[in-house]
Structure formats: structure tokens, C-alpha cells
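Both counts, for ligands and for their atoms, begin at 1 and track the order of listing.
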Amino acid sequence: MMVTTDRELDAVVIGAGFSGLYMNYRLRDVLGLDVVVFEGGSDVGGTWYWNRYPGARCDSESYMYCFSFDPELMQEWEWSGKYPEQPEILRYLNHVADRYDLRRNTQFETRVTAAHFDETTDRWRVETDRGDRVSCRYLITGIGCLSTGQIPDFPGRDSFTGEAYHTGSWPHEGVDFTGKRVAVIGTGSSGIQSIPVIARQAEQLVVFQRTAQYTIPARHATVNKAVLDKVKLDYEAIYDKARWSVGGFPYDVVDRSALSVDEQERDAIFEQTWQEGGFRFVFGSFSDLRTSRQASETAAEFIRNKIRQTVKDPAVAEKLVPTTHPFGSKRTLIDTEYFETYNRDNVTLVDIRSAPITEITPTGIRTADGHYEVDIIVYATGFDAMTGSFNRIDIRGRGGEALRDTWSAGPLTYLGLTVAGFPTLFMSTGPGSPSVLSNMPVAIEQHVEYVSRIIEHLRAEGLATIEADAEAQAAWVAHVNELAQPTMFMHADSWYLGANIPGKPRVFMPYCGGVGTYRKRCDEVAANGWEGFTLRPVTAAVPA
Ligand code: NAP
């Protein structure tokens with residue numbers, strides 16, 4: 001599909017991942033609007049289209065990592081793994097695109113370069129790198145929170161003559177590591193998932209670690225069909241429980257401090273949830289691991305002991321033991337045989353906190369301690385998270401104000417969904433919403449349905465724009481910040497705080513009050529006549 005210039009649309013959606021697909025369905029098929037979706041990839045999938053690195057898998061259990069808006073869709077899809085792997089999630093999203101014919105109005109391999117609000121018409125003027133120029137009344141971004149890859153600017157980076165890849169834009173044909181000497185830089189989620197898989201294939205693997213991590217075994221397995229069949233009998237209730245939870249999972253809430261039990265009992269509870277695997281260690285053990293330093297330290301010590309028991313070489317184990325940040329301050333990591341990988345003869349761990357990388361050379365990586373010759377470098381170095389993908393687009397609101405400037409000291413939003421001065425621009429899972437601190441499809445569905453509800457209201461009432469009030473926005477930003485202050489999140493150099501990007505303002509970006517509390521607040525805003533927003537009618541000069 002090719003969009004011609006000068007089309008006057010109802011809505012433009014940017015991105016065809018989870019957010020964009022559902023937004024398209026909702027606006028086009030439920031509200032009957034004229035919608036175009038622009039997508040940079042050559043097909044649907046978003047995050048799961050780009051992140052094809054070995055071992056890429058979601059940390060949410062598969063039966064909860066999907067849409068819930070159509071009971072038939074929920075019933076018909078069969079997951080094969082306890083945790084869904086990237087190819088299977090991509091198959092699922094392709095199935096969704098086919099089932100609802102969502103490619104029909106999606107233009108692929110097209111990036112939106114600019115979106116300017118035209119105050120004379122109350123419409124957005126949107127431009128793409130393919131020369132498209134369209135206008136729309138509603139502009140919705142579904143550009144993901146972790147879509148702008150970050151490769152550190154190491155001296156000599158471009159002089160490397162071997163192959164180099166970033167985990168977030170992995171070649172579709174895959175990479176053959178057989179017989180190769182491989183470097184992985186970075187030990188976040190992408191690093192710890194790919195390292196064990198690459199280690200099994202490569203001749204030599206050298207891991208460059210700046211920060212040792214707390215990671216919990218996933219206990220991945222094929223899906224237990226009996227469990228899945230049982231879930232399907234009660235899917236709506238299970239999903240609803242997730243919608244009103246903290247993390248977007250249907251797990252039973254524990255209301256128990258790690259400090260309320262003695263050491264023996266505490267260890268038994270940690271051990272049980274460690275054996276269950278995945279996020280249950282966090283959500284199913286104690287309620288204060290992220291809010292009490294002392295409680296967090298009990299989990300940290302439990303994991304440190306696990307590392308020492310697993311890794312045979314005590315010197316390597318000590319390098320892998322996290323000491324620089326509390327448990328729960330960075331994204332909780334879920335792995336499959338991560339620590340065990342360091343028992344392999346072909347794997348070397350290099351601590352680049354004590355001896356940093358000084359340069360990339362034509363043949364490898366030099367640190368303060370020596371030179372490592374490699375054939376392939378894998379950058380598992382993360383993303384310019386939450387705001388990076390917005391900054392790539394020249395978004396301008398009232399008075400030509402650039403969003404980049406509005407956000408120069410950190411993102412300002414109302415409900416993580418809208419920005420004062422940028423009318424009828426909606427950001428699915430924007431900064432200031434639960435997004436990355438939750439099971440994403442739950443957060444995405446809530447945002448898509450909320451945006452759709454707003455647009456429905458505007459149309460029913462003959463209104464042109466909805467815009468966040470500056471005071472409501474300031475109060476929301478303060479609230480998001482205030483919620484984060486007492487948590488462990490404030491005690492690490494994480495991407496949640498923008499700390500991974502040199503020069504980025506240090507502001508805690510996601511809303512950490514939980515998806516349920518957030519949903520309740522959004523519903524209250526609607527019930528109170530769209531409190532905190534100004535809604536303006538269509539003027540005579542502006543066609544509806
Ligand atoms: P990340 O968590 O930001 O990790 C980046 C890694 O690169 C860290 O180990 C970091 O070290 C290192 N690094 C960054 N800049 C560096 C530099 N200049 N020198 C040396 N090391 C450097 O990125 P990610 O692993 O791609 O994950 C990002 C997020 O994506 C995750 O937190 C998660 O939300 C999501 N994700 C989820 C899954 C899943 O569901 N399983 C999988 C992949 C990604 P420091 O720690 O010292 O900064």
C-alpha cells in the first residue's frame with residue numbers, strides 16, 4: 001500500500017507492533033475511522049520484528065502475553081512454550097494481522113519523520129521518509145519503549161573489520177557463530193538471554209560485563225497443555241485479575257514482608273519461588289523487595305549464594321556477584337542457564353568495571369587490561385529507552401514547540417498518554433505510564449481502549465481536540481516521581497532513569513504504582529468529565 005500526498009485522514013498510527021495493530025483494529029474496525037499506519041519494518045511485529053537475537057524470548061508467561069480483546073482469538077491461539085519465544089510471538093502477531101486484515105491500511109518500510117500540529121485546522125500534518133504527506137485529526141504513537149538501539153561510542157568503533165550486530169536490530173537471516181570468536185558487550189536482558197545460546201555455538205565467547213546482575217531462572221519448558229486448557233476455561237477472569245494487578249500478571253498477591261519471617265522461613269520461600277521460576281520470585285515471595293532496602297538485601301544475598309553455588313571457579317563467581325546496586329533497582333532479569341554458561345571452557349568473563357573498554361580495534365576489543373581478538377561483536381548494550389523513539393521524530397505542537405525541547409529536562413506527560421501543547425497526540429505506553437514495569441500487552445490494551453474511548457467521545461460531542469492541562473501534567477509528573485522516590489529504582493544507574501545514555505536527564509520515567517491503580521486513575525479522569533484535559537469544539541472553519 002502506498003499513501004499519496006494530501007490525504008486527509010481521521011487518524012495516523014505510527015508503528016505496527018502490539019500497540020499499532022490493536023489501535024488500527026480499534027479505530028478502523030470498531031470506530032469506522034479512516035486510518036493509516038506507518039511502520040518502519042517490512043512487516044508487522046515491532047519489538048518482535050527487530051529483536052531476533054539468539055535466545056530472544058519474553059519473560060511473561062505465554063498465556064498472558066497476548067491480546068484479550070477478542071475471546072475467539074484467545075481461545076484459538078495455542079502457545080507451545082511456557083515463555084513465548086521471539087519467532088512464536090512474531091507468528092502470533094502475524095496471525096492477528098491476518099485475522100483482522102490489518103496490513104490493508106499499513107504502509108511498511110516507512111518512517112514518520114515529522115508531525116506538526118496545524119493550529120488553523122486542528123489537524124496534524126505528518127511526513128515520512130518516503131515522501132508521504134498526509135494530515136489527520138488524531139495522531140497515535142505505538143513506537144515502543146525500547147526501539148532505539150544504543151551502541152556506545154567506543155573509540156575506534158567503526159574500525160572493526162569483523163561482523164558487528166546490535167541485539168535490537170538483528171539480521172533476519174540469523175548469524176552463524178560456528179567456529180567463531182565472539183564478543184558480547186552487555187549483560188542486561190538481551191545479553192543474558194543470548195550469551196548461553198551463543199556459547200553453545202561459538203568456538204570462543206568473551207563476555208564484557210560492566211555491572212553484575214541479579215537474574216532468576218525462567219524454568220522454561222514446553223507449555224503444559226492441561227494448564228493452558230484450564231486457563232482457557234476461565235481466561236476472561238484470569239486476564240481481568242491481571243488488569244487490576246500491579247505487574248499485569250494474574251498472580252496471587254502476597255502481603256508479607258521479607259523481614260516478618262525468620263531466616264529459615266525466608267530462605268524456604270525464596271527457594272520455592274526460585275524453583276517455580278520467573279517473576280514469581282518477585283511477586284510470589286514478599287511484598288517489600290522493591291521498597292525496603294533491608295528486604296531487598298535478603299533477596300540479593302539469596303541470589304549471590306546461588307551464583308557462588310553454580311559457578312565452579314570462585315574468582316569468576318565473585319565477578320558475577322552483584323554488589324553495586326540493590327536487588328529490584330534494575331529490570332529483574334530472567335534467564336536460562338546463564339550462570340551455568342560460565343562453567344564452559346569456551347567462555348571468558350571480562351570485568352569492564354575495573355578495566356573499562358578503551359577502544360575497538362580492527363580485530364577486537366581493547367580494555368585497560370589487554371586486547372581480545374574476535375570475529376564478531378554483539379552489542380547487547382540496550383536502548384535510548386522511553387524517549388529515544390520520540391526524539392527521532394520532529395514532533396511539534398502549538399506554536400511550533402518541539403517535543404524534544406518540551407522534554408529536554410525529562411519527559412512531561414499527563415497520564416503517560418498526552419502532552420500539554422500537543423493536542424490529540426496520544427502515546428501508547430508513553431513515559432509516565434506503567435508500560436515497561438508491567439506485562440506489556442495488558443498496559444497496551446488499556447491505553448488503546450482508553451484512546452479509543454476518548455476519540456469516540458470527541459466525535460459524539462462534535463469536539464475537535466483534547467489537550468492536557470499544564471497544571472494536571474505537572475501534578476502527574478510530580479506524582480510519578482514521588483511514587484518512585486521510596487523504591488529501589490532510585491538506587492541504580494538504569495535505563496529507567498536514562499542513566500545508560502550519556503547526557504540524558506536523570507528522571508525516573510515509568511509509572512511504578514501498578515497497572516490496576518493506574519487504570520483506576522484513568523477511569524476516574526473519564527468519569528470526572530475528562531479531568532485535567534481541555535476539550536475544544538470544532539470551529540466553523542474546521543471541518544469535523
Ligand atoms: P540493558 O538492560 O540496557 O542492558 C545493556 C547492557 O549493556 C548492560 O549490561 C550495560 O551495562 C551494558 N552497557 C551499556 N552501555 C555500556 C557501555 N558504554 N560500556 C559497557 N557496557 C555497557 O539492555 P537490554 O539487555 O537490551 O534490555 C533492555 C530492556 O529490554 C530490558 O530491561 C527489558 O525491559 C527489555 N527486554 C526484555 C526481554 C525479555 O522480556 N526477556 C529481553 C530483552 C530485552 P550497565 O548495566 O553497567 O549499564
For this session: Would you mind running through ligand 1 and noting each atom that sits below 4.0 Å from a heavy atom of Q193?
Result: 41 (N), 42 (C)
Exercise. Looking only at heavy atoms of K330, does any of them come nearer than 4.0 Å to an atom of ligand 1?
Worked result: yes
Exercise. Picking from I140, V13, L415, what satisfies side chain to side chain contact (heavy atoms under 4.5 Å, CB included) with F426?
Worked result: I140
Problem set entry | Shortest protein contact, atom 47 (O) of ligand 1 (heavy atom only) | T211 OG1, 2.4 Å
Problem set entry | Closest to atom 7 (O) of ligand 1 among A380, G382, S60, G149 (heavy-atom distance) | A380
Exercise. Is R331 paired with D59 through a side-chain N to carboxylate O contact shorter than 4.0 Å?
Worked result: yes
For this session: Any atoms of ligand 1 less than 4.0 Å from a non-hydrogen atom of L146? List them with their elements.
Result: 29 (C), 30 (O), 34 (O), 35 (C)
For this session: State if F154 counts as touching ligand 1 under the rule of any non-hydrogen atom under 4.0 Å.
Result: yes
Problem set entry | D59 and ligand 1 - part of the residue with a heavy-atom distance under 4.0 Å | both
Exercise. Heavy atom of Y496 under 4.0 Å from ligand 1?
Worked result: no
Problem set entry | Salt-bridge contact R99-D70 (side-chain N to carboxylate O under 4.0 Å) | yes
Exercise. Hey, are T291 and D288 close enough side-chain-wise for a donor-acceptor pair under 3.5 Å?
Worked result: no
Exercise. For atom 18 (N) of ligand 1, which of G186, C58, P152 has the closest heavy atom?
Worked result: P152
Exercise. Please state which protein non-hydrogen atom is closest to atom 14 (C) of ligand 1 and give its distance, to 0.1 Å?
Worked result: T381 O, 3.6 Å
Exercise. Any luck finding a side-chain donor-acceptor pair between T387 and R404 under 3.5 Å?
Worked result: no
Problem set entry | Proximal atoms of ligand 1 relative to T187 (non-hydrogen, under 4.0 Å) | 6 (C), 8 (C), 9 (O)
Exercise. Taking Y214 as the fixed residue, which of F339, W274, F281, F327 is the one that meets the ring pair (Phe, Tyr, Trp, His ring centres under 6.0 Å) rule?
Worked result: F327
Exercise. Of the backbone atoms (N, CA, C, O) and the side-chain heavy atoms from C-beta on, which set of Y65 has a member under 4.0 Å from an atom of ligand 1: side chain, backbone, both, or neither?
Worked result: neither
Problem set entry | Ligand-side contact atoms (ligand 1) for residue partner Y53, heavy atom cut-off under 4.0 Å | 42 (C), 43 (C)
Exercise. Does ligand 1 have any atom sitting under 4.0 Å from a heavy atom of V436?
Worked result: no
Problem set entry | From S190, G144, S147, G55 - option closest to atom 26 (O) of ligand 1 by heavy atom | S190
Problem set entry | R52 NZ/CZ over Y49 ring centroid, <6.0 Å and within 45° of normal | yes
